[in-house]
Amino acid sequence: MKSNALVMEAPGELAHREIDVPEPGATDVLVDVELGGVCGSDVHMNGGGMDLEFPVLPGHEFAGFVEELGEDVAADSKGEPIGVGDPVTVVPGIVCGECWYCNNVPGRPTTCENRDVYGFLNVDYRQRLHGGFSEYVLADGRASIYRLPDGMDVELGALAEPLAVGARALERGFRPGMPDAREGFGIGKSVAVQGAGPIGLLTIAAANAAGAGQILAIDAIGERLELAERFGATDTVNFGDFDGEEELIRGVKELTSGGVGPDLVIEAAGVPAAVTQGIEFVRDGGTLVEVGHYAYNGETELNPTRLVQKDLNIYGSLAYPPNEFETALSLLDQLDGEVPFDELFNYRASLAEAEAAYEKQAAGEAYRATIHPGGV
Ligand SMILES: [Zn+2]
Ligand SMILES: [Zn+2]
């Protein structure tokens, strides 16, 4: 059997190849891919912003149906029975289980010194199909696989990955977790999300489900802010409406209890200047979580004295532990019908039209352009 697959031969050079589908080993799962989302990091990779071993099989946000199971696979990573034909999604990050970090910091699998991520690997990696923009993906036994909740549209499975990123960023803000003493985020507290792209919107949905009292969405595009409201934002701030940074900071603070600023700020815009602004938005003693700069987007000036004066907690958030997919799928299931998740998929392409999907995503004209190897 062959699989049509998108291959990034080098940055800016997308090609199509027919690749032999390997026979699944005892712990492998062969997935018939329904769709894969084109992420900001895919665009970044295509633009030459990532130091990878090309040619690469891209695509790390995907979902599909089990085509074939290795003889030892009876359950998904949650322990739920799994069978041929079941809709699934695959956690792209895989850890080695052997390095110092795997042994000593097990709660932070992204610190693994040998972490591999499907969608970012050389075509020959372990002789497996591991890019989501392909008719088939062969997930190896070390990968976490999750069956989608009963009744869920398989397409929503492609949002498990970006939602896991957003939910993890929000949960970073929960620490140390005494919300009644306003330490860490909790029920009724305020959060501002900078950037109403897919990660920001999904973070807003997660914050709403987690009981946030106030959710401010901050962006410069009116249409995105309107969608943010439908994802659960209680207030929107269009920074284009403000005359300069000082006014913007005042405007954000004025919306919050006591006019002091939100308890938690999540930077999901990936714009360096947003970090500097976020430090000023958040109330004293509050928390800033940086999740937007997965890829290098430049630098910003930071005044260390402000961090001390404000007694701030600042956390970085890289991806998520694999079981954050369980959280993400649970959220998608709970909020399905209430939050218009499907509106994120506003540009659909077949595998043959993959280049156009990359272009739409790069131009900011799609929330999540999707590639459908089986056809649109
Ligand atoms: Zn992504
Ligand atoms: Zn490791």
Side-chain angles (χ1 to χ4, degrees), residues 6 8 33 35-47 49-50 52 56-63 89-121 125-126 130-134 137 140-144 146 155-169 195 197-203 206 266-270 290-297 317-322 324-325 327-329 332 341 344-345 347 354 357-358 360-362 364 366-371:
L6 188 72
M8 196 178 287
V33 177
L35 80 169
V38 181
C39 173
S41 55
D42 292 309
V43 169
H44 208 73
M45 188 194 303
N46 200 32
M50 284 186 190
L52 303 172
V56 160
L57 282 178
H60 60 276
E61 304 177 359
F62 60 93
T89 181
V90 179
V91 179
I94 292 170
V95 299
C96 76
E98 286 164 12
C99 70
W100 188 89
Y101 280 98
C102 281
N103 279 302
N104 292 284
V105 196
R108 305 234 186 168
T110 55
T111 59
C112 169
E113 291 168 349
N114 311 303
R115 185 166 169 264
D116 289 327
V117 185
Y118 285 5
F120 297 85
L121 300 168
Y125 175 82
R126 290 185 162 239
H130 42 72
F133 305 145
S134 165
V137 164
D140 72 83
R142 302 166 310 151
S144 297
Y146 288 92
E155 292 199 347
L156 288 192
L159 290 179
E161 204 280 337
L163 179 54
V165 171
R168 168 57 169 31
I199 298 289
L201 290 167
L202 292 167
T203 303
I266 298 176
E267 196 290 297
E290 168 50 49
V291 67
H293 286 78
Y294 177 78
Y296 180 77
N297 280 343
S317 190
L318 171 60
Y320 40 76
E324 194 81 48
F325 263 48
T327 306
L329 288 170
L332 286 165
F341 290 118
L344 294 180
F345 299 136
Y347 186 81
Y358 270 74
K360 283 282 169 188
Q361 191 69 35
Y367 287 103
R368 213 27 131 230
T370 46
I371 295 171

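Atoms within each ligand, like the ligands themselves, are counted from 1 in listed order.
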Under 3.5 Å side-chain donor-acceptor pair for Tyr101 and Asn114:
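On atom types as modelled, these side chains do not qualify, holding no pair under 3.5 Å.
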In degrees, rounded to 10 degrees, what angle do Cys99 atom SG and Cys112 atom SG make at the Zn ion (ligand 2)?
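Taking the Zn ion (ligand 2) as the apex, the two atoms subtend 120°.
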Side-chain heavy-atom pair [X], [Y] within 4.5 angstrom cut-off:
X: Phe120; Y: Pro92; value: no
X: Arg126; Y: Asp116; value: no
X: Val165; Y: Leu202; value: no

Taking 2.8 Å as the upper limit, name the protein N, O or S atoms near the Zn ion (ligand 1).
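Listed by chain and number, the nearby protein N, O or S atoms are Cys39 SG, His60 NE2, Glu61 OE2.
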So, Glu113 side chain and Arg115 main chain: donor-acceptor pair closer than 3.5 Å or not?
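No: the side chain of Glu113 does not pair with the backbone of Arg115.
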Could you pull out all residues at least two apart from Gln361 that satisfy side chain to side chain donor-acceptor pair (under 3.5 Å)?
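Per chain and number, Gln361 pairs via side chain to side chain donor-acceptor pair (under 3.5 Å) with no residue.
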